[in-house]
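Notes follow the structure.
Being a predicted model, the structure only gives us computed values, none of them experimental. We name chains A, B, ... by the order of the sequence lines, and we start the count at 1 in each one.
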Amino acid sequence: MPELSKTYNPAEVEDRWYPEWETRGLFHAKVNSEKKPYTIVIPPPNITGILHLGHILNNTIQDVFVRWKRMQGFEACWIPGTDHAGIATQNVVEKALAKEGTDRHKLGREKFVKRVWEWKDIYGDTIIRQLRKLGVSCDWQRERFTMDEGLSTAVREVFVRLFDKGLVYRGKYIVNWCTFHRTALSDDEVEHGQTNGKLYHIRYPIEGTKDSVVIATTRPETMLGDTALCFHPKDERYRHLNGKQATLPLVGRRIPVIADDYIDSSFGTGIMKVTPAHDTNDFLLGQRHNLQQISVINEAGQMNELVPKHYEGLDRFECRKRIAQDLEAQGFLVKVEEYPHNIGRCYRCNTIIEPYLSDQWFVRMKPLAKPALKVVQDGVVRFHPDRWTKVYEHWMDNIRDWCISRQLWWGHRIPVYYAPDGTYTAARSEEEARTKLGIAPEMPLRQDDDVLDTWFSAWLWPFSTLGWPGDTKDLRYFNPTDTLVTGPDIIFFWVARMVMANIEFMKGMPGRDGKPRQKDKDLVPFRDVYMTSIIRDDQGRKMSKSLGNSPDPIDVIREYGADALRFTITYLAPLGQDVLFSTDKCEMGRNFANKIWNAGRFLLLNKKEICGEEALDLSAHSAEHLDLADRWILSRLNTATDDIHNALTKFQINDATKILYGFLWHDFCDWYVELVKTRFYGDESPEAKKAVVQRALWVFDQALRLLHPFMPFITEELWQHLTDRKDASIVRINFPSSEKRHIDRKTEQDMEIVQNVINALRNIRGENNIQPSRDIELQIIVPKGGKGDTLQSYERYLQKLARVTKLTRIKNSAKPKVAASAVVNGIELFVPLEGLIDMGAERNRLEKEIQRIQQMLEGIEKKLGNPQFTARAPKDVVEKEREKQNAFKVNLEKLKENLGGLGK
RNA sequence: GGACGCUUAGCUCAGCUGGUUCAGAGCGCCGCCCUUACAAGGCGGAGGUCGUAGGUUCGAUCCCUACAGCGUCCACCA
């Protein structure tokens with residue numbers, strides 16, 4: 001066995017173990033009828049992305065669950081993969097082309113797409129490579145990409161089925177148009193934010209009269225496309241104008257004045273211009289009133305040929321200025337006021353969205369939403385924390401049709417084919433399209449130019465990755481998956497849509513039992529959705545590139561180790577709360593790793609000392625030579641095991657880390673290891689010592705297993721040193737389950753007395769400035785029924801932990817004259833230190849303690865003095881309070897007595 | 001406009017079903033110690049009327065109501 005270094009060196013251990021785990025195939029999952037599956041699909045990161053702390057948190061949590069379940073004997077399967085990220089990826093490649101002085105149009109579609117694939121092959125797995133550094137136990141043999149052959153087949157299949165069902169339709173609608181990307185966006189891809197705009201008040205003359213009306217608009221340039229004016233039908237101010245014609249300034253077009261109760265009479269002047277081609281509400285209004293739709297802005301955001309010549313070709317914002325000038329010059333502009341208001345912007349490039357009238361493809365969502373709502377309401381799919389349920393339900397209740405076409409080249413091309421006569425159909429292949437349309441092979445057939453929204457492949461992820469539409473063994477076994485771990489920001493984009501898709505497309509597919517799936521529990525994509533925290537910097541700001549406040553996780557791993565990062569971030573992330581992160585917080589994880597490392601080092605050194613090279617069987621702990629500390633640590637271990645199990649079951653992952661930290665550092669290292677030293681270095685028989693070493697190693701082994709899901713590398717490394725089992729790995733070793741018989745309240749109480757006495761002695765030392773190296777003597781007075789025997793039988797604990805060289809039991813009458821004292825569980829402690837203690841300090845110490853006890857006693861007496869309390873509170877609570885009262889009273893008396901005994 | 005979250009020690013936060021010495025942890029701070037696993041460590045200590053005001057209850061950091069401050073999401077009036 002190699003010597004272990006004094007401090008833990010994570011980089012070396014991590015680089016050694018990850019490839020080893022992969023080569024041994026420890027993360028690979030197979031269909032296994034002997035085992036229950038446990039499945040997670042990764043939220044596929046964009047191929048353009050680089051790893052950030054959000055990924056770290058998200059993937060660490062997934063890894064904790066997967067490793068935990070794997071150790072529990074589940075066939076744990078974590079399917080990794082990446083998303084082609086239509087807009088983002090196309091962006092990146094287009095930027096590269098721009099640098100080369102060319103663009104995608106010069107290249108042509110086919111070459112451009114080839115170029116993107118080349119880019120993807122080089123850079124597309126950056127995140128996936130980086131994730132390995134984190135130690136994630138993904139089944140890499142199952143890695144998928146949303147544009148893989150299989151997934152593309154699934155996309156086409158879904159589109160065609162929805163089309164044939166009438167759930168996909170084509171329509172001319174106002175969509176959110178990004179003039180930079182020149183594509184439509186779904187409603188969810190638009191981010192609304194406040195902006196300082198202006199409100200222009202413009203006079204529109206009424207034809208044939210001297211009358212005119214004033215309307216207010218933030219977008220005067222769209223007036224070129226106005227086709228009506230509109231007021232509320234009940235508005236007396238304008239009623240007389242109903243049916244009249246107004247003249248559109250600058251253009252001279254006649255437009256009707258109409259009435260509609262959409263109008264809010266209290267806003268502005270109460271009459272509004274209507275531009276059906278450039279505003280969603282106006283569009284709907286226009287439909288109701290059969291208004292003409294005049295588009296005046298092109299796909300690049302410039303004024304088109306339908307506007308007066310001197311505006312044509314102007315950028316929409318440039319045109320706005322010109323229109324304002326011209327209106328003013330011609331006397332139509334009444335006033336302009338500052339007007340802060342909300343506008344939508346492209347979530348990727350921040351360009352102001354242009355409501356744009358165009359032909360797009362939509363999915364009718366209402367029929368899909370209905371069952372997806374039900375499974376959540378019925379608790380078949382559960383959110384953690386639960387409050388996201390309401391957010392989900394609200395969205396489902398108000399769902400709108402999903403615009404799925406994107407005017408891009410990178411993505412799944414829409415499988416719709418047009419015949420020369422304009423008829424069209426959706427089909428899995430060109431041949432199928434010809435059959436469906438009745439077109440001969442020699443006739444030209446045109447496929448739709450647009451591609452599908454990226455989420456259109458992502459929403460199929462939990463089954464497309466498993467072979468759907470094929471009826472595969474994997475699909476039967478691993479779907480429904482179990483836990484989805486993702487951020488609340490994509491609950492609509494992704495989570496909700498996956499629920500809809502899984503229900504819709506898995507219906508009737510054979511399930512685990514081979515029978516067609518019908519029940520909701522077999523149709524959902526996953527059972528539990530864990531919503532992760534949002535990572536912020538230490539000032540609470542979102543991590544962002546522009547702020548430069550986003551540390552590179554790879555640097556953090558290099559500096560502190562992957563285990564340290566994993567542990568720290570899960571420790572900091574309570575379920576459902578944001579996390580304020582800064583790199584230096586990882587010191588906590590690093591220090592913890594080092595602590596464990598040294599505990600392991602200590603045990604191994606002593607094992608060698610006591611047992612030589614002999615291998616110890618750690619399959620069970622030795623039941624020989626048990627003393628209080630042993631029974632106590634077994635009790636604590638099993639309690640911790642229970643608590644961890646409960647915390648993980650409730651998705652309270654940071655609780656689990658806190659339990660592990662507390663158990664390993666405070667129970668195991670601070671107390672147990674210190675106590676065990678008394679036996680390693682004591683005069684017990686070699687057999688007894690061997691039993692003690694064996695048990696200590698066994699407990700440590702159990703603790704390592706509990707910790708492994710959180711800190712996989714260091715636990716594997718230490719575990720290997722512990723066991724010498726070259727062929728095995730902690731990755732697939734049983735996760736401990738608690739043995740109730742070891743959880744023993746009485747043992748813990750006895751141990752508590754020992755601990756309290758040691759703490760009291762340490763306090764005396766600290767406050768009296770007694771050197772740690774100085775031995776002390778302890779005299780105790782034990783009341784009737786007190787636990788003095790327990791204390792005396794573990795005198796060696798006091799020797800080691802408090803440097804007590806002599807323990808004597810004395811009579812009340814034999815109290816030492818000059819001594820520091822304390823009262824613990826009714827036992828009086830005296831440390832005779834004539835001439836050495838600082839009387840003033842000791843008096844202060846006792847007075848402080850007296851005050852503390854007095855305060856608590858007062859609290860209890862106030863409670864007990866309240867007749868309502870004694871009458872109404874449960875008996876055991878009252879009884880407990882009485883017991884406490886008595887104990888405090890006794891303590892207080894003794895303390896006062898001892899204070900008095902100190903003299904002046 | 002609607003929904004939701006947060007407010008506890010100097011800082012960052014736990015505290016889940018009201019009563020356990022319930023007021024905690026980590027960091028920071030003060031004092032002592034390089035005690036043969038660990039100074040990335042050990043021991044001791046200081047520090048909080050649990051945002052404010054009410055209410056429910058024998059009892060409230062915890063449940064309810066209102067308010068204040070911070071934050072998030074959804075919708076949106078030209």
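The C1' atoms of B/U36 and B/G47 are separated by 36 Å, rounded to the nearest whole Å. Across B/A23 and B/C62, the matching C1' atoms stand 12 Å from one another, rounded to whole Å. Going from the C1' atom of B/A60 to that of B/U17 covers 14 Å, rounded to whole Å. If you take atom C1' in B/C16 and the same atom in B/G10, they sit 28 Å apart, rounded to whole Å. Taking the C1' atoms as reference points, B/C11 lies 29 Å from B/C73, given to the whole Å. Straight-line distance between the C1' atoms of B/G69 and B/U8: roughly 16 Å, to the nearest whole Å. Spacing between B/C58 and B/C67 at atom C1', rounded to whole Å, works out to 29 Å. Between B/A25 and B/C50, the two C1' atoms lie 16 Å apart (nearest whole Å).
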Protein-nucleotides 76-78 of chain B N/O pairs closer than 3.5 Å?
| from | atom 1 | to | atom 2 | distance (Å) |
| --- | --- | --- | --- | --- |
| B/C76 | N3 | A/Asn342 | ND2 | 3.0 |
| B/C76 | N4 | A/Asn342 | ND2 | 2.8 |
| B/C77 | OP1 | A/Asn281 | ND2 | 2.1 |
| B/C77 | O2 | A/Asp264 | OD2 | 2.7 |
| B/C77 | N3 | A/Asp264 | OD2 | 3.4 |
| B/A78 | OP2 | A/Tyr339 | OH | 2.9 |
| B/A78 | O2' | A/Ala216 | O | 3.1 |
| B/A78 | N6 | A/Asp264 | O | 2.7 |
| B/A78 | N6 | A/Phe267 | O | 2.9 |

Sub-3.5 Å pairs of nitrogen or oxygen atoms, protein against nucleotides 6-10 of chain B:
none

Output one line per pair: protein atom, nucleotide atom from nucleotides 25-30 of chain B, and distance, for all N/O pairs under 3.5 Å.
| from | atom 1 | to | atom 2 | distance (Å) |
| --- | --- | --- | --- | --- |
| B/A25 | O2' | A/Tyr571 | OH | 3.2 |

Polar atom pairs (N or O), protein with nucleotides 21-23 of chain B, under 3.5 Å:
| from | atom 1 | to | atom 2 | distance (Å) |
| --- | --- | --- | --- | --- |
| B/U21 | OP2 | A/Lys884 | NZ | 2.7 |

Give me, pair by pair, the N or O atoms of the protein and of nucleotides 55-62 of chain B that are less than 3.5 Å apart, along with how far apart they are.
| from | atom 1 | to | atom 2 | distance (Å) |
| --- | --- | --- | --- | --- |
| B/C58 | OP1 | A/Arg872 | NE | 3.3 |
| B/C58 | OP1 | A/Arg872 | NH1 | 2.1 |
| B/C58 | O4' | A/Gln868 | O | 3.3 |
| B/C58 | O2' | A/Asn866 | ND2 | 2.9 |

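In this structure, the nucleotide among B/A37, B/U72, B/G44 sitting nearest to the side chain of A/Arg536 is B/U72. Distances were taken from every side-chain heavy atom of A/Tyr681 (C-beta onward) to each of B/U72, B/A37, B/G44; the shortest belongs to B/A37. Among B/C13, B/G5, B/A39, the nucleotide with an atom closest to any side-chain atom of A/Lys6 is B/A39.
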Check residues 393-400 of chain A and write down every donor-acceptor pair under 3.5 Å in which the side-chain atom is one partner and the other belongs to a residue at least two apart or another chain.
| from | atom 1 | to | atom 2 | distance (Å) |
| --- | --- | --- | --- | --- |
| A/His394 | NE2 | A/Asn398 | ND2 | 3.4 |
| A/Asn398 | ND2 | A/His394 | O | 2.8 |

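Just one residue in the list A/Asp279, A/Asp282, A/Val213, A/Leu229 forms a side chain to side chain contact (heavy atoms under 4.5 Å, CB included) with A/Lys273, and that residue is A/Leu229.
Remark: A/Arg765 pairs with no residue by the salt bridge (charged side-chain N to carboxylate O under 4.0 Å, His left out) rule, at least two apart or across chains. The salt bridge (charged side-chain N to carboxylate O under 4.0 Å, His left out) check on A/Arg203 picks up nothing, with sequence neighbours excluded. Listed by chain and number, the residues in a salt bridge (charged side-chain N to carboxylate O under 4.0 Å, His left out) with A/Lys677 are A/Glu674 (sequence neighbours excluded). A/Arg590 is linked by a salt bridge (charged side-chain N to carboxylate O under 4.0 Å, His left out) to nothing, counting only residues two or more places apart in sequence or in another chain.
The shortest heavy-atom contact between A/Ala564 and A/Cys586 is CB-O, 4.1 Å.
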- Would you write out the dot-bracket form of RNA chain B, 5' to 3', with Watson-Crick and G-U pairs under 3.5 Å, [ ] for crossing pairs, | for pairs to other strands and . for unpaired bases? (((((((..((((.....[....)))).(((((.......))))).....(((((..]....))))))))))))....

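The shortest distance between the side-chain N/O atoms of A/Asn759 and the OP1/OP2 oxygens of B/G44 is below 4.0 Å.
For residues 649-658 of chain A, no residue pair satisfies the side chain to side chain donor-acceptor pair (under 3.5 Å) rule, not counting sequence neighbours.
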